[in-house]
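As the structure is a prediction and not an experimental result, all values here were calculated from the model.
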Amino acid sequence: MTDSRHSPIIERSTHRTMALNEKFKNKDLSILRSAAQGEYFLDVKNPKLYKKVRKFYENDGVVFSGDALDDYDMMMEQIAIDLETAEVVQ
């Protein structure tokens, strides 16, 4: 039986070690913001940053599905949420 409180694809730990805006430089955050807004594909334009961000989320407790397109969309949604949250906090 699955726990209905968590999505079967993505599950985050309740304790975050570091926020996205603390982990990455302003230049990278600008690139991430543009990618989350759909201006370009991060995995194509900056694959090194894409891998770093994916690892950041994996270490933060995100469990990806294994489907490249779904995982990309999921990560872009999470980046948008995290950047929006960081802006509200500041």
Inset, instruction - Answer yes if Leu69 and Ile79 sit in the same cluster of Ile, Leu, Val, Met, Phe, Trp and Tyr residues linked by side chain heavy atoms under 4.5 Å apart, and no otherwise. - result: no
Measure the spacing between [atom1] of [X] and [atom2] of [Y] and express it to the nearest 0.5 Å.
X	Y	atom1	atom2	answer
Asn59	Lys23	CG	NZ	8.0 Å
Leu49	Lys25	CG	NZ	10.5 Å
Thr85	Asn21	OG1	CG	9.5 Å
Arg33	Asn26	CZ	CG	8.5 Å
Glu58	Met75	CD	CE	9.0 Å

Legend entry - Verdict with reasoning, Asp71 to Ser65, per side chain to side chain donor-acceptor pair (under 3.5 Å): CA-CA 6 Å; Asp71 289 350; Ser65 69; 2.8 Å; yes
Legend entry - Ser34 backbone acceptor or donor facing Gln37 side chain under 3.5 Å: no
Legend entry - Any donor-acceptor N/O pair, Tyr72 side chain to Asp67 backbone, under 3.5 Å: no
Inset, instruction - Applying side chain to side chain donor-acceptor pair (under 3.5 Å), run through Asp82 and Tyr57 and close with a yes or a no. - result: CA-CA 11 Å; Asp82 287 349; Tyr57 282 118; 2.7 Å; yes
Inset, instruction - Using a 4.5 Å cut-off on heavy atoms from C-beta on, say whether the side chain of Lys51 contacts that of Asp43. - result: no
Inset, instruction - Determine the sole option in Ile81, Leu32, Leu42 for which the side-chain contact (heavy atoms from CB on, under 4.5 Å) test with Met76 is passed. - result: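 Passing option: Leu42.
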Inset, instruction - For Tyr40, look at atom OH and say whether over 12 heavy atoms of other residues, nucleotides or ligands are found less than 6.0 Å away. - result: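 It does: Tyr40 OH has more than 12 such atoms within range.
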Inset, instruction - Compute the centroid of each ring, for Phe56 and then for Phe24, and state whether the two points are separated by less than 6.0 Å. - result: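 Close enough - the centres of the two rings lie under 6.0 Å apart.
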Inset, instruction - List the steps, then state whether side chain to side chain contact (heavy atoms under 4.5 Å, CB included) holds for Lys45 with Tyr50. - result: CA-CA 9 Å; Lys45 180 172 174 119; Tyr50 173 79; over 6 Å; no
